[in-house]
Amino acid sequence: QATRVLVEWLGAADTGDASAEALIRVGAPAVPHLIRALGTPVAAPAAARTLGAIGDARATPALVRALQGAPPLTRTAIAQALGRLRDERAGAALLALLEDPAPAVVAAALDALGAIGHADSVASIRALALRGPSEQRASALSAWLRVAPAEAAPELVALARADDTPALLRRVILDGV
């Protein structure tokens, strides 16, 4: 009963953070309630973040399903949660998010793919790292270095040496190599 109340309070401005912290302490027993909250627009982002913090991979299929039709804030939170879960089953859904129109969603998907180490995503991550929009390149470079460091390093060292490489990208490369 108390868990249900905490989940109901997730979307409220004055109780959301405290509810999330309490649900994280509850742990695995809160997962089914949080999965149901993914269908509630106001609570969905907080429910996704809380599921990621709990770290129970049972949430993966529900998080992937919740991506459909979700607003950008919720898609971002779901991608972040999937990255924290590090469940390979999320790879295809995260790979699809690389085409999302919202830059924050793409960045979260890149971070998640990097955390999971999803091998099937290397070509897509590489393309974004080398030729993607400027706001996505740093996240893509970082993900590429985590997913395929041996493959990425030689190309990225050459990129870091190029005169036209922005300082931010050069720094990401140097920090990761």
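This chain uses plain numbering: 1 for the first residue, then up along the sequence. These figures come from a predicted structure and were not determined experimentally.
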Would you call [X] and [Y] a side-chain contact if the rule is heavy atoms closer than 4.5 Å?
X    : Y    : value
P45  : I78  : no
L94  : S121 : no
L130 : W144 : yes
L34  : T3   : no
I125 : L95  : no

Where [X] and [Y] come nearest, the two heavy atoms and their spacing:
X    : Y    : value
P41  : G39  : CD-O, 3.5 Å
P72  : A102 : CB-CB, 4.0 Å
A109 : A79  : N-CB, 3.9 Å
A115 : R86  : O-NE, 3.3 Å
R131 : R137 : N-NE, 4.4 Å
L110 : A140 : CD1-N, 3.6 Å

Euclidean distance, [Y] [atom2] relative to [X] [atom1], rounded to 0.5 Å:
X    : Y    : atom1 : atom2 : answer
L145 : L156 : CG    : CG    : 5.0 Å
S124 : H118 : OG    : NE2   : 10.0 Å
I35  : R58  : CD1   : CZ    : 7.0 Å
R170 : D163 : CZ    : CG    : 7.5 Å
L67  : T74  : CG    : OG1   : 9.5 Å
R75  : L63  : CZ    : CG    : 14.5 Å

Inset, instruction - Run the numbers on L159 and L141 for side-chain contact (heavy atoms from CB on, under 4.5 Å), then give the verdict. - result: CA-CA 11 Å; L159 180 63; L141 288 169; 4.2 Å; yes
Legend entry - Residue pairs involving residues 27-41 (criterion side chain to side chain donor-acceptor pair (under 3.5 Å); sequence neighbours excluded): H33-R36
Legend entry - Same apolar cluster: L73 and L51, side chain cutoff 4.5 Å: no
Legend entry - L10 with V42, same ILVMFWY side-chain cluster at under 4.5 Å: no
Keeping the roles fixed (side chain from [X], backbone from [Y]), state whether a donor-acceptor pair exists under 3.5 Å.
X    : Y    : result
T50  : A46  : yes
R89  : A57  : yes
S139 : Q136 : no

Legend entry - Worked verdict on V106 versus L97 for side-chain contact (heavy atoms from CB on, under 4.5 Å): CA-CA 6 Å; V106 175; L97 288 180; over 6 Å; no
Inset, instruction - Mind running side-chain contact (heavy atoms from CB on, under 4.5 Å) on I116 and E88 for me, showing each step along the way? - result: CA-CA 6 Å; I116 293 169; E88 273 285 330; 3.5 Å; yes
Inset, instruction - Please name all residues satisfying salt bridge (charged side-chain N to carboxylate O under 4.0 Å, His left out) with E151, sequence neighbours left out, ordered by chain then number. - result: none
Inset, instruction - Could you go through the side-chain contact (heavy atoms from CB on, under 4.5 Å) check for D87 and L82 one step at a time? - result: CA-CA 7 Å; D87 188 336; L82 290 169; over 6 Å; no
Name the atoms and distances for all side-chain donor-acceptor pairs under 3.5 Å in residues 18-29, with sequence neighbours left out.
from: S19; atom 1: OG; to: T15; atom 2: O; distance (Å): 2.9

